[in-house]
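This report refers to the structure that appears directly beneath it.
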Amino acid sequence: MDMGLMGKRALVCASSKGLGLGCARALAFEGVDLVMNARGQDALDAAADAIRAEFGVEVTTVAADITTEAGQKAVLEAGGDLDILVTNAGGPPPGIWSDWNRDDFIAALDANMLTPIALMKAVLPGMMARGWGRVVNITSQSVKAPIPALGLSNTARTGLTGYVAGTARQVAGHGVTINNLLPGIHATDRAVQLDTGITQAQGITMQEAREQRYATIPAKRYGTADEFGAACAFLCSQHAGFIVGQNLLMDGGAVNATL
Ligand code: NAP
């Protein structure tokens, strides 16, 4: 299926690895020129070089912390007139409900709620004026089904979801859609990090830790960054213009709910 995205211009935040990289690669496959961002320059340059070589699109890199005002300003300046925005950043640290103080909440809200909101506020006016735009926010399955150890993530991402629900309906009449993609467990560095924590806590091997988690997923495996990217590209496509303010779970069936 032709996604109708050839020649469009996208900013994909936090995209040197993992799910952000999956989205960047899927958009590049469709002929989208990219601004890619991450904090670490080396991995970012390597990812950008690989995309240029494989897909022949233009890629600009901005090494910056996207959760800072300076980082946001830098990616937006590099972005220019953007057609597509994919928001993403690292997730907050785990813990339990009584661990977190005001500063922890402010940091999580900054990273996973206020950063995507600031980026949307910056790009939406241009998209609306040009009559076309796509925003995809990478959130988490924790928005639909809370993960007890990730209370900071549950809180910040649900706040973002509320903002998107109202905002998406205010901009849709201008040809601009905003939707959220909710990853369940995917085979990225983040999953390795969480699995390593399980091996240490339970004294089991990496394979045993993985099999334990596979058992909680009806698909009996982790998702891949390529699958995730393909869904992102579809939400950005010409075919998805009537999909507005939705929260699409990509979790192999892990959230056990009818709707
Ligand atoms: P990942 O494999 O660890 O990749 C994270 C990417 O984001 C890297 O490119 C990293 O590069 C960049 N990054 C992190 N913090 C950044 C910042 N402040 N500014 C700019 N770039 C930043 O993680 P992932 O698995 O793709 O996860 C992406 C998001 O989805 C996270 O918020 C995660 O919590 C959420 N999520 C993931 C899963 C999963 O199973 N993978 C499930 C649910 C939710 P640098 O470190 O060089 O900056």
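For ligands, and for the atoms within them, numbers begin at 1 and follow the listed sequence. Hydrogens, waters and symmetry mates play no part in the numbers below; they use all other heavy atoms, side chains included.
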Between Asp45 and Gln41: side-chain donor-acceptor atoms closer than 3.5 Å: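 Side chains of Asp45 and Gln41: pair found under 3.5 Å.
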
Hey, which atoms in ligand 1 end up nearer than 4.0 Å to a heavy atom of [X]?
{"X": "Asn37", "value": "20 (C), 21 (N)"}
{"X": "Leu19", "value": "26 (O), 30 (O), 37 (C)"}
{"X": "Asn88", "value": "28 (C), 29 (C)"}
{"X": "Arg157", "value": "31 (C), 32 (O), 33 (C), 34 (O), 35 (C)"}
{"X": "Gly91", "value": "31 (C), 32 (O), 34 (O)"}
{"X": "Gly18", "value": "2 (O), 26 (O)"}
{"X": "Ala89", "value": "29 (C), 31 (C), 32 (O)"}

Have a look at ligand 1 and work out which part of [X], if any, has a heavy atom under 4.0 Å from it: side chain, backbone, both or neither.
{"X": "Ala191", "answer": "neither"}
{"X": "Thr139", "answer": "backbone"}
{"X": "Ala64", "answer": "backbone"}

Test item, Gly184 contacting ligand 1 (heavy atom, 4.0 angstrom):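 Judged by the 4.0 Å heavy-atom criterion, Gly184 does count as contacting ligand 1.
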
Contact with ligand 1 for Pro183, non-hydrogen, under 4.0 angstrom: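 Flag set, Pro183 near ligand 1.
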
For [X] and [Y], which heavy atoms make the closest approach, and how far apart are they?
{"X": "Trp100", "Y": "Gly151", "answer": "CH2-N, 3.3 Å"}
{"X": "Gly71", "Y": "Ala64", "answer": "CA-CB, 3.8 Å"}
{"X": "Ile178", "Y": "Ala168", "answer": "O-CB, 3.7 Å"}

Validation row: Leu34, Leu27 side chains within 4.5 angstrom (heavy atoms):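 Contact flag for Leu34/Leu27 side chains = yes.
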
Protein non-hydrogen atom found under 4.0 Å from atom 5 (C) of ligand 1: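 Neighbour list for atom 5 (C) of ligand 1 is empty of protein heavy atoms (cut-off 4.0 Å).
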
Just distances here: any N/O of [X] and N/O of ligand 1 closer than 3.5 Å?
{"X": "Ile185", "value": "no"}
{"X": "Ile66", "value": "yes"}
{"X": "Gly20", "value": "no"}

His186 and Phe228 aromatic ring geometry - parallel, tilted or perpendicular at 30°/60° bounds: perpendicular

For atom 11 (O) of ligand 1, the option (of Ser16, Ala225, Ala14, Ser140) bearing the nearest heavy atom: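 Shortest heavy-atom distance from atom 11 (O) of ligand 1: Ser16.
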
Identity of the nearest option to atom 25 (O) of ligand 1, non-hydrogen atoms only, from Leu194, Thr188, Val192: Thr188

Residues Asp195, Arg213; criterion salt bridge (charged side-chain N to carboxylate O under 4.0 Å, His left out); working and verdict: CA-CA 9 Å; Asp195 289 341; Arg213 290 221 287 168; 2.8 Å; yes

Arg221 and Glu211 ion-paired at < 4.0 Å: no

